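Reviewing the structure listed below.
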Amino acid sequence: MNITEKILAAHLSDRQAGSGKKEVSAGELINARVDLVLANDITAPISITEFKKTGAKDVFDKNRIAFIPDHFAPQKDIKAAEQCKMLREFSREYGLGLYFEVGRMGVEHALLPEEGIVVPGDLVVGADSHTCTYGALGAFSTGVGSTDVAAAMATGECWFKVPESMKFIYYGKLNKWVSGKDLILHTIGDIGVDGALYRAMEFEGEVIRSLPMHSRLTMCNMAIEAGGKNGIIVPDEITEQYAKGRARREYTFYTSDEDAKYAEVKEYDCSSIPLTVSCPHLPSNTKPAAELSNVAIDQVVVGSCTNGRIEDMREAAEVIKGRKVNPNVRMIVIPATQKVYLQAVTEGLAEIFVNAEAVFSTPTCGPCLGGHMGVLAKGERAIATTNRNFVGRMGHPESEVYLSNPAVAAASAIKGRIATPEEVI
Amino acid sequence: MILKGKVWQFGDNVDTDAIIPARYLNTSDPKELARHIMEDADKEFPDKVSSGDIIVAGNNFGCGSSREHAPIAIKAAGLQAVIAKSFARIFYRNSFNIGLPIFESEEAAEKISAGDEIEIDADRGVIKNITKGEEYTAKPIPPFMQELISVGGLIEWTKAKIKKQEIERLRS
Ligand code: SF4
């Protein structure tokens with residue numbers, strides 16, 4: 001079995017495991033136990049309503065349900081406030097141990113790994129498509145709907161179709177400034193937005209083995225952008241370093257067997273992967289950043305569950321330090337969690353951004369989904385370190401979003417057009 | 001179950017932001033969501049669509065976010081079913097979970113045109129094109145998903161399971 005199958009097999013529901021079943025294979029429909037269930041201020045309200053309809057007297061485990069108001073929080077309007085209130089009241093009523101109030105919250109997929117709430121070997125479902133992020137830790141995690149979450153909150157189980165797996169091997173040497181974001185954008189550009197539909201994407205190879213955790217999280221975060229069910233990386237020394245000291249539960253490292261089955265194997269020579277940008281309106285619409293220097297921009301966003309970690313802040317700060325945001329551009333920097341925020345302040349990164357005349361904001365999803373804190377007007381164009389550039393994603397249906405890594409975003413903020421870090425440093 | 005209706009056609013990769021833009025997600029009221037269905041793809045769509053209509057689309061329908069608001073908005077707008085060459089996976093499971101009938105058929109998606117009158121025999125997976133006098137087949141629905149549909153979705157299924165566990169507990 002490969003790592004995805006092994007984790008699913010290890011979590012087979014008691015009924016199935018009790019019947020002696022120990023293996024699973026692609027295509028099978030199974031019921032499995034979940035280690036963690038999560039939802040946010042957009043998806044949890046539906047889960048709460050549906051949960052109440054199940055007739056369950058209590059949730060399956062108070063300390064394994066995470067409610068994180070991050071999309072329209074801090075509450076941007078009355079309707080959003082009402083939704084956040086539903087999460088708060090439900091959490092109080094059922095005594096949930098993982099409710100993150102404004103002031104303690106962060107963007108869910110940055111917050112949960114950082115806090116050691118998701119650990120290697122976990123099976124996680126979340127009512128948010130980017131739940132696939134935690135595959136970076138060697139967990140099986142996937143986005144589901146609010147109703148799935150409601151059922152899982154009641155029973156601690158969820159139904160799955162065991163996915164086929166695709167293997168992606170990265171070898172060679174990374175070019176300067178090229179990071180996990182560029183690797184995943186390049187990969188999606190190669191296979192398309194449905195290139196891994198219903199499948200697990202297993203990332204491997206010498207480049208992955210030395211790739212730092214924040215870049216691994218970025219890669220697995222965007223598996224859904226290729227249609228993938230989950231992204232996953234076999235845990236190693238880097239995983240151990242990350243999990244050690246932060247994991248709140250015991251964890252298990254699963255690996256893929258030598259003879260594990262893969263539906264497809266793709267190989268990439270990283271020395272030929274450039275700084276990559278996704279052009280409107282699909283993440284698969286990629287071009288080398290260097291070929292887009294004629295694209296003028298109005299806004300830059302650095303943040304999100306894709307690239308809102310401290311390393312991303314550092315990367316953007318390194319490029320922008322001592323320089324100024326172009327007068328035609330608004331730059332919005334949003335650390336993904338309170339910890340990242342504080343660390344950015346302590347390390348002097350906040351000062352660098354403010355001196356460069358960028359906005360430095362409290363954690364929120366905000367502009368990533370056109371919610372608040374930087375919505376685009378008709379005809380405006382942004383470059384963002386986020387993960388989606390669909391029509392209207394950041395605001396008006398006639399606005400445009402380009403996706404990049406933090407260094408390219410910061411360089412573009414200085415130039416007022418899409419630019420590479422080499423052009424400004 | 002027989003579903004009969006008029007077709008609205010869309011292309012490949014219709015994403016959840018196109019089905020229901022994120023800016024309206026500060027509510028989960030189905031009626032309000034239905035008012036903005038597909039509006040970024042076609043401003044007048046919410047007014048043009050009438051109850052019983054069917055969407056036919058290309059590959060990867062419903063890609064993007066996990067928002068259940070997308071199938072909910074489709075259902076609340078009175079659309080009866082979606083036929084596509086393929087569906088994005090979260091949209092696929094959400095539809096079964098909330099009881100929106102969806103059908104995968106490459107042939108149907110290719111041959112049906114906007115405005116055609118069609119009839120879907122959901123149990124047999126047969127799609128009849130009344131306008132064109134043609135017939136297509138949809139991919140069979142796995143038994144577990146059929147069970148979900150027959151009991152009325154995942155919540156009903158879970159309810160029954162909880163009840164059963166409760167009875168077993170009382171017995172032992
Ligand atoms: S940052 Fe963007 S992609 Fe990530 S959870 Fe928030 S809205 Fe979704």
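Quick caveat, the model's predicted, so the values are computed rather than measured. A note on names: the letters A, B, ... follow the listed sequences, proteins ahead of strands, and every chain is numbered from 1.
Under 4.0 Å is where a charged nitrogen must lie from a carboxylate oxygen, and between Glu50(A) and Lys53(A) at least one such pair does. Under 4.0 Å is where a charged nitrogen must lie from a carboxylate oxygen, and between Lys4(B) and Glu117(B) no such pair does. Ionic pairing of Glu110(B) and Lys85(B) is present here: one or more N-O contacts between side-chain nitrogen and carboxylate oxygen are shorter than 4.0 angstrom.
Contact of Phe72(A) with chain B is made through the side chain alone, with heavy-atom distances under 4.5 Å. Contact annotation for Asn31(A): only side-chain heavy atoms (C-beta onward) come within less than 4.5 Å of a heavy atom of chain B. Proximity to chain B involves both the backbone and the side chain of Leu369(A), based on heavy atoms less than 4.5 angstrom apart. In this structure, chain A has no heavy atom under 4.5 Å from any part of Gln165(B). Neither the backbone nor the side chain of Lys163(B) comes within less than 4.5 Å of any heavy atom of chain A. For Lys161(A), no part lies near chain B; criterion is any non-hydrogen pair under 4.5 Å. Heavy atoms of Asp77(A) lying under 4.5 Å from chain B belong exclusively to its side chain. Of the atoms belonging to Thr147(A), heavy atoms from both backbone and side chain fall under 4.5 Å from chain B. With a threshold of 4.5 angstrom between heavy atoms, Glu157(A) approaches chain B through side-chain atoms but not through N, CA, C or O. For a residue to count as touching a neighbouring chain, one of its non-hydrogen atoms must lie under 4.5 Å from one of that chain's; by this rule Tyr92(B) touches chain A with the side chain only. Contacts between Leu29(A) and chain B at a heavy-atom distance below 4.5 Å involve the side chain alone, from C-beta outward.
For the residue pair Lys6(B) / Ser50(B), no side-chain donor-acceptor distance below 3.5 Å is found, with atom types taken as modelled. If you check the side chains of Asp116(B) and Asn129(B), you find a donor sitting under 3.5 Å from an acceptor. No side-chain donor-acceptor contact under 3.5 Å links Thr142(A) and Arg93(B). Under the 3.5 Å distance criterion, with hydrogens and angles disregarded, a donor-acceptor pair is assigned to the side chains of Asn230(A) and Thr4(A). Donor-acceptor pairing under 3.5 Å is lacking for the side chains of His372(A) and Gln75(A). No side-chain donor-acceptor contact under 3.5 Å links Asp190(A) and Thr187(A). A side-chain donor-acceptor contact under 3.5 Å links Asn59(B) and Ser86(B).
Closest of all the heavy-atom pairs between Gly5(B) and Gln80(B) is N-NE2, 4.2 Å. The two atoms that bring Val7(B) and Ser113(B) nearest to each other are CG1-O, 3.8 Å, heavy atoms only. Here the closest heavy-atom approach between residue Ala154(A) and residue Ala56(A) is recorded as CB-CB, 3.8 Å. Across all their heavy atoms, Ser25(A) and Val162(A) have their closest contact at O-CB, 3.4 Å.
Highest contact tally toward chain A, considering only Pro142(B), Ala160(B), Ser65(B), Cys63(B), is held by Ser65(B) [criterion: heavy-atom pairs under 4.5 Å]. Contact tally against chain B (heavy-atom pairs below 4.5 Å) for Asp194(A), Val375(A), Thr155(A): the top residue is Asp194(A). Of the listed residues (Gly55(A), Ser146(A), Gly370(A)), the one with the most heavy-atom contacts under 4.5 Å to chain B is Ser146(A). Contacts with chain A were tallied for Glu166(B), Arg67(B), His69(B); His69(B) has the most, counting heavy-atom pairs under 4.5 Å. Ranked by heavy-atom pairs under 4.5 Å with chain A, the first of Asn94(B), Asn60(B), Asn13(B) is Asn60(B). Of the listed residues Asn387(A), Val193(A), Val391(A), the one with more heavy-atom pairs under 4.5 angstrom with chain B than any other is Val193(A).
Of all residues in residues 78-85 of chain A, those placing a non-hydrogen atom less than 4.5 angstrom from a non-hydrogen atom of chain B are Lys79(A), Ala80(A), Gln83(A). Residues of residues 14-46 of chain B lying under 4.5 angstrom from chain A, judged on non-hydrogen atoms, are Asp15(B), Asp17(B), Ala22(B), Arg23(B), Leu25(B), Asn26(B), Thr27(B), Ser28(B), Glu32(B), Asp40(B) by number.
Taking the six-membered ring where tryptophan is involved, the planes of Tyr134(A) and His109(A) are tilted, since the angle between them lies from 30° to 60°. Ring pair Phe160(A)/Phe140(A) is perpendicular by interplanar angle, where above 60° counts as perpendicular and below 30° as parallel.
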*Decide yes or no on side-chain hydrogen bond (donor to acceptor under 3.5 Å, both in side chains) for Asp128(A) and Thr131(A), but give the supporting numbers first.*
CA-CA 6 Å; Asp128(A) 190 277; Thr131(A) 303; 4.9 Å; no

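In Lys139(B), the NZ atom is not crowded: 12 or fewer heavy atoms of neighbouring residues, nucleotides or ligands sit closer than 6.0 Å.
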